[in-house]
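As the structure lists them, so they are numbered: ligands from 1, and atoms in each ligand from 1. Note that the structure is a prediction, hence the values are computed from the model and not measured.
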Amino acid sequence: MNTLTVDLGDRSYPITIERGGLRRAGTLLNLRRRVLLVTDSGVPPVYSETVAAACDNVFRTVIPQGEATKSLASAQGLWELMLDNGFSRGDCVVAVGGGMCGDLAGFAAACYMRGIAFYNIPTTLLSQVDSSIGGKTAVDLNGVKNIIGTFYQPHAVLIDPDVLETLPCRLRAEGMIEAVKMALVFDAELFDRLTEAQDPYADLDDVLSRVLALKQTVVEQDERDTGRRNLLNFGHTLGHGVESASRGALYHGECVGLGMLPMCSPSVRERLLRFLERLGAPVIWRGDTAAVWQAVLHDKKLSESGINAVFVDEPGRGYLRRIQPEELRSRLEGAWKS
Ligand SMILES: NC(=O)c1ccc[n+]([C@@H]2O[C@H](COP(=O)([O-])OP(=O)(O)OC[C@H]3O[C@@H](n4cnc5c(N)ncnc54)[C@H](O)[C@@H]3O)[C@@H](O)[C@H]2O)c1
């Protein structure tokens, strides 16, 4: 077991990383009150059932899997459930699922009675290494992702790596891309370890702890994402463009992987490319580059003065630099050549 603490004064909270930790949810979290347990239809039910067994007064709801559920209508459904069942400020919401579930349940908890306790139990690798900590909660509106949301820190995060056994390979790889992103930006030694390992998943608990410690530090330094936390957007400038142009064919993490490649020095790019290939992730965008560029223009509202983007010339030393539209376009056009 390993416990980290995100130190944010009176909003501080523990992150527990423990195999089999789900079975100890009743000890690690305060579940002796009304509990709204939110999971989705793609998460094996045994995970939320295990947590429910530790509660005295639980309302377990299974929402449809998929990003389309991350909506105001779903949040309203959760608020109504709480209201109809007499939830008060002393009660809590628990998410057992990936980033979709966590973002939605966290948002619902943040707004109900101006904020009730929220526990996050992430079950995908992406949510374990990234989305479950940091307090960004949101829903999508009219196709725009995460446009309605709050900063609302969870009261505790419980990470049980055993739940990843049921995760399909492609989703595991997606989480590993987020992990390598953190290593590239902040931790050269971790990047070496991941790229040189026979099996990047072999030491997963340790990788999780290290990546979470990196994110913890960034969140402590810049909770509201006005400075250093922007570095976590590495790969997102072009990645969002690819995501939009791929129309759902590629996962978010895969798009971030593709989006990181053009923003690296040649030597780093080569190592990242080999790593992505080993994960089975795409390293070439086979679609229309013009469509990606149009989506980047639309998404980033590129002005004449350019935008801030993240670059990595040397592992562990990500930095922000203002980039002009022409340079971004030429990086895009030179990218993903085999
Ligand atoms: N809040 C943040 O800081 C932040 C950061 C990054 C991403 N996000 C958000 O996270 C979401 C993506 O998260 P995600 O990749 O976890 O996707 P997700 O929550 O949609 O989960 C992906 C799929 O995996 C299934 N699943 C979950 N756990 C499983 C398990 N243990 N075994 C088998 N299947 C399982 C789910 O049912 C779902 O079908 C997006 O909505 C994105 O906007 C938020």
Note to self: Please determine whether salt bridge (Lys or Arg N to Asp or Glu O under 4.0 Å) holds for the pair Glu327 and Arg321, giving the CA-CA distance in whole Å, both sets of side-chain angles, and the decisive distance to 0.1 Å.
What the structure shows: CA-CA 12 Å; Glu327 182 188 341; Arg321 173 165 72 75; 2.8 Å; yes
Check: Looking only at distance, does Thr166 have an N or O less than 3.5 Å from an N or O of ligand 1?
Finding: yes
Item checked: Residues Glu174 and His252: side-chain donor-acceptor under 3.5 angstrom -> no
Notebook entry, point to check: At a non-hydrogen distance cut-off of under 4.0 Å, which region of Glu174 contacts ligand 1 (side chain, backbone, both, or neither)?
Noted result: side chain
Next item on the list: List the closest protein heavy-atom neighbour of atom 16 (O) of ligand 1: residue, atom name, distance to the nearest 0.1 Å.
Entry: Thr124 OG1, 2.6 Å
Item checked: Inter- and intrachain pairs under salt bridge (charged side-chain N to carboxylate O under 4.0 Å, His left out), touching residues 223-239, at least two apart -> Arg11-Glu223, Lys136-Asp225
Next item on the list: May I ask you to identify the nearest protein heavy atom to atom 41 (O) of ligand 1, giving residue, atom name and distance to one decimal place in Å?
Entry: Glu67 OE1, 2.6 Å
Checklist line | Nearest-neighbour protein heavy atom for atom 9 (C) of ligand 1, which is reported as residue plus atom name and distance | finding: Asp103 OD2, 3.4 Å
Next item on the list: Ignoring angles and geometry beyond distance, decide whether Gly99 reaches within less than 3.5 Å of ligand 1 through its nitrogen or oxygen atoms.
Entry: yes
Checklist line | Identity and distance of the protein heavy atom lying nearest atom 25 (C) of ligand 1 | finding: Gly42 O, 4.1 Å
Margin query: I want to know if ligand 1 touches Gly66 in the polar sense, i.e. an N/O pair below 3.5 angstrom.
Written below: no
Notebook entry, point to check: Under 3.5 Å, is there a donor-acceptor pair linking the side chains of Thr137 and Thr150?
Noted result: yes
Note to self: Side chain, backbone, both or neither: which applies to Tyr47 and ligand 1 if a contact is any heavy-atom pair less than 4.0 Å apart?
What the structure shows: side chain
Note to self: Taking the six-membered ring of Tyr201 as reference, does the cationic atom of Arg172 (NZ for Lys, CZ for Arg) lie under 6.0 Å from its centre and within 45° of its axis?
What the structure shows: yes
Next item on the list: Note the single closest protein heavy atom to atom 4 (C) of ligand 1, along with its residue, its atom name and the distance in Å.
Entry: Ser131 CB, 3.1 Å
Check: Heavy atoms only: which of Leu232, Leu167, Thr69 is nearest to atom 29 (C) of ligand 1?
Finding: Leu167
Check: Can you name the nearest heavy-atom pair linking Asp40 to Cys101, along with the distance?
Finding: N-SG, 3.8 Å
Note to self: Any non-hydrogen side-chain atom of Ile116 less than 4.5 Å from a side-chain atom of Val93?
What the structure shows: yes
Note to self: Looking at every heavy atom in both Ser209 and Asn2, which two are closest together, and how far apart are they?
What the structure shows: OG-ND2, 2.9 Å
Notebook entry, point to check: Considering distance alone, does some N or O of Met100 sit under 3.5 Å from an N or O of ligand 1?
Noted result: yes
Note to self: Only heavy atoms of Gly98, strictly under 4.0 Å: list the atoms of ligand 1 that pass.
What the structure shows: 16 (O), 19 (O)
Next item on the list: Show your reasoning for whether side-chain contact (heavy atoms from CB on, under 4.5 Å) applies to Leu238 and Leu258.
Entry: CA-CA 8 Å; Leu238 294 177; Leu258 282 170; over 6 Å; no
Check: Less than 4.5 Å apart, any side-chain heavy atom of Asp140 and any of Asn146?
Finding: yes
Next item on the list: Give yes if a backbone or side-chain nitrogen or oxygen of Thr137 is under 3.5 Å from a nitrogen or oxygen of ligand 1, and no if not.
Entry: no
Margin query: If we set the cut-off at 4.0 Å for heavy atoms, which region of Asp130 has an atom near ligand 1: side chain, backbone, both, or neither?
Written below: side chain
Check: Which ligand 1 atoms, with their elements, are less than 4.0 angstrom from a heavy-atom of Val43?
Finding: 27 (C), 37 (O)
Margin query: Would Asp40 count as being in polar contact with ligand 1, using the rule that some N or O on each side must be under 3.5 angstrom apart?
Written below: yes
Note to self: Nearest 0.5 Å, please: how far is CZ in Arg317 from OG in Ser265?
What the structure shows: 12.5 Å
Checklist line | Nitrogen or oxygen atoms of Gln65 and ligand 1 under 3.5 Å apart | finding: yes
Notebook entry, point to check: What atoms of ligand 1 come within less than 4.0 Å of a heavy atom belonging to Val163?
Noted result: 31 (N)
Next item on the list: Specify the protein heavy atom at minimum distance from atom 24 (O) of ligand 1: its residue, its atom name, and the distance to 0.1 Å.
Entry: Leu171 CD1, 3.3 Å
Next item on the list: Provide the full list of salt bridge (charged side-chain N to carboxylate O under 4.0 Å, His left out) pairs with a residue in residues 102-111, sequence neighbours left out, each pair given once.
Entry: Lys70-Asp103
Next item on the list: List the closest protein heavy-atom neighbour of atom 42 (C) of ligand 1: residue, atom name, distance to the nearest 0.1 Å.
Entry: Lys70 NZ, 3.8 Å
Margin query: Using a 4.0 Å cutoff against the non-hydrogen atoms of Asn146, which atoms of ligand 1 qualify?
Written below: 43 (O)
Check: What part of Glu178, side chain, backbone, both or neither, has a heavy atom within less than 4.0 angstrom of ligand 1?
Finding: neither
Check: Hey, is ligand 1 close enough to Thr123 that some N/O pair sits below 3.5 Å?
Finding: yes
Next item on the list: Start with the C-alpha gap between Lys181 and Glu178, add the side-chain angles, then the distance that decides, and say whether salt bridge (Lys or Arg N to Asp or Glu O under 4.0 Å) holds.
Entry: CA-CA 5 Å; Lys181 176 197 81 177; Glu178 292 291 340; 3.0 Å; yes
Check: Which of parallel (below 30°), tilted (30 to 60°) and perpendicular (above 60°) describes Phe107 and Trp79?
Finding: tilted
Item checked: Asn30 (side chain) donor-acceptor with Arg32 (main chain) under 3.5 angstrom -> yes
Margin query: Just to be sure I read this right, does ligand 1 sit under 4.0 Å from the backbone of Pro44, its side chain, both, or neither, counting only heavy atoms?
Written below: side chain
